[in-house]
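A note on names: the letters A, B, ... follow the listed sequences, proteins ahead of strands, and every chain is numbered from 1.
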2 protein chains.
Amino acid sequence: MLYKTPYICNIIYYSMLSGKFAISVHILTLLTKFPNDYLSSEFIAGSMNLNPVLVRKEIANLKAHHIVESKEGKNGGTKLAVDASKLTLKEVFEMTFEKIGLGYAKNQPNPDCPVGKKINENLAVLYAEMNQKVSLQLNDVTLEDFSAQF
Amino acid sequence: MLYKTPYICNIIYYSMLSGKFAISVHILTLLTKFPNDYLSSEFIAGSMNLNPVLVRKEIANLKAHHIVESKEGKNGGTKLAVDASKLTLKEVFEMTFEKIGLGYAKNQPNPDCPVGKKINENLAVLYAEMNQKVSLQLNDVTLEDFSAQF
DNA sequence: AAAACTGTAACTTTTTTTATTACTAAATAA
DNA sequence: TTATTTAGTAATAAAAAAAGTTACAGTTTT
């Protein structure tokens with residue numbers, strides 16, 4: 001009897017690409033430039049010099065947000081599912097789960113120290129304001145605007 | 001004959017702490033709270049739950065910018081060298097070499113693709129504007145303001 | 001002279017990111 | 001109807017980055 005892998009993944013493992021926003025914007029710009037074609041992950045990966053599997057993972061996220069659609073099989077690929085003039089970079093920003101900020105120390109600070117106890121909370125307030133300002137900025141740039149620069 | 005290490009380091013190796021800004025702000029807040037004491041790296045590390053050597057490395061950077069001073073030897077440590085009401089978080093931001101942004105894809109994009117060729121340049125323009133807005137925000141917060149929250 | 005610090009080099013370990021391999025499923029075209 | 005191309009995704013491996021550790025020279029203070 002042949003053992004067949006059951007094609008199930010219990011461990012939810014998702015590569016956390018460091019530049020998710022940059023990668024998503026790159027993908028979306030390409031799709032905007034070729035609005036009538038289904039672009040393959042291989043082609044997109046070629047423009048980004050990135051592994052095609054990682055491109056497909058990012059596309060999976062964009063698909064979950066219904067801004068692109070894919071077609072499997074020969075001549076398959078991905079194309080834009082929305083109007084580039086209607087999609088703002090703020091929406092892309094939110095889809096990539098990214099947050100602006102200047103980081104937190106990795107370890108949990110000492111709760112017995114008055115500073116340690118509240119440092120992350122106070123930094124969070126500072127960073128929240130940053131996010132608000134950045135969101136306003138990104139809300140003014142549509143994918144069409146951004147793509148028109150190329 | 002005993003071999004003695006020559007106390008020279010040719011390879012410039014500097015741990016690139018991910019939350020340099022957060023760590024520096026934490027250190028500076030502690031120094032502001034205890035303006036009359038030289039705080040040891042051990043003490044600071046205890047509040048941050050971080051290795052003392054890493055604290056000393058961050059302090060080295062702050063020293064290079066002349067905003068703190070250290071004293072070696074017994075009862076030594078670090079204290080603020082400037083007025084907390086004169087130092088803004090924008091200055092700290094700049095000292096930690098941090099830049100706001102949403103990242104770049106790690107690999108160099110394909111220069112033969114019109115999008116790959118210009119993607120980083122166009123993202124940089126976007127990010128530059130973000131930095132400007134964030135700088136304006138941080139310029140309004142002094143170390144004294146921030147520390148007063150604790 | 002002992003003790004308590006800073007400063008910093010040289011590793012080591014851990015964690016995070018990125019890449020690869022492998023295979024299922026789907027769609028197309030010859 | 002069969003070969004081919006493509007998406008989707010699991011599992012693993014490799015590479016890179018971050019954090020931690022050890023060790024010790026040099027400084028002050030007591």
Atom-to-atom span, [atom1] of [X] to [atom2] of [N] - whole angstrom:
X: Arg56(B); N: dA23(D); atom1: CZ; atom2: C1'; result: 11 Å
X: Gln108(A); N: dA19(D); atom1: CD; atom2: P; result: 16 Å
X: Tyr104(B); N: dT18(C); atom1: OH; atom2: P; result: 15 Å
X: Glu58(A); N: dT17(C); atom1: CD; atom2: C1'; result: 12 Å
X: Lys74(A); N: dG8(D); atom1: NZ; atom2: C1'; result: 20 Å
X: Tyr38(B); N: dT27(D); atom1: OH; atom2: P; result: 17 Å
X: Leu54(B); N: dT12(C); atom1: CG; atom2: P; result: 17 Å
X: Lys71(B); N: dG7(C); atom1: NZ; atom2: C1'; result: 17 Å

Minimum-distance nucleotide to [X] side chain [options: [options]]:
X: Leu50(A); options: dA27(C), dA19(C), dG8(D); result: dA19(C)
X: Val53(B); options: dT21(D), dT4(D), dT6(C); result: dT21(D)
X: Asn51(B); options: dG20(D), dA4(C), dG8(D); result: dG20(D)
X: Ile59(A); options: dA27(C), dG8(D), dT8(C); result: dG8(D)
X: Lys57(A); options: dA11(D), dG7(C), dG8(D); result: dA11(D)
X: Ala60(B); options: dT8(C), dG8(D), dT6(C); result: dT8(C)
X: Lys106(B); options: dA22(C), dT27(D), dA16(D); result: dA16(D)
X: Glu72(A); options: dT21(C), dT28(C), dA26(C); result: dA26(C)

> With a non-hydrogen cut-off below 4.0 angstrom, is Gly76(B) in contact with a base, only sugar-phosphate, or nothing?
Replying inline: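 Since only primed, P, OP1 and OP2 atoms lie under 4.0 Å of Gly76(B), the category is sugar-phosphate.
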
> Touch check for Ser41(A), heavy atoms < 4.0 angstrom, all strands: base, sugar-phosphate only, or nothing?
Replying inline: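 Here Ser41(A) touches the backbone only, sparing every base.
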
> Going by heavy atoms closer than 4.0 Å, what residues in residues 62-70 of chain B are next to DNA chain C?
Replying inline: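 Lys63(B), Ser70(B), in order of number.
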
> Is the centre of the Phe150(A) ring less than 6.0 Å from the centre of the Phe146(A) ring?
Replying inline: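 Phe150(A) vs Phe146(A): aromatic centres under 6.0 Å.
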
> Does CD belonging to Gln132(A) count more than 12 external heavy atoms closer than 6.0 Å?
Replying inline: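 Not more than 12 within 6.0 Å, no.
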
>> Would you say CD of Glu42(A) has more than 12 non-hydrogen atoms from neighbouring residues, nucleotides or ligands within 6.0 angstrom?
In response: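 No.
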
Which pair of non-hydrogen atoms, one from [X] and one from [Y], has the smallest distance, and what is that distance?
X: Arg56(B); Y: Ser41(B); answer: NH1-OG, 3.0 Å
X: Gly101(A); Y: Ile100(B); answer: O-CD1, 3.9 Å
X: Thr96(B); Y: Asn61(B); answer: CA-ND2, 4.3 Å

> Thinking salt bridges, do Glu58(A) and Lys20(A) make one under a 4.0 Å N-O criterion?
Replying inline: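 Yes.
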
>> For Lys79(A) and Asp37(A): C-alpha separation, side-chain torsions, deciding distance, then whether side chain to side chain contact (heavy atoms under 4.5 Å, CB included) applies.
In response: CA-CA 7 Å; Lys79(A) 80 192 268 292; Asp37(A) 298 312; over 6 Å; no

> If you pin Thr78(B) and Asn75(A) to their nearest nucleotides in DNA chain C, which one's is more 5'?
Replying inline: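 Comparing both residues, the 5'-ward one is Thr78(B).
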
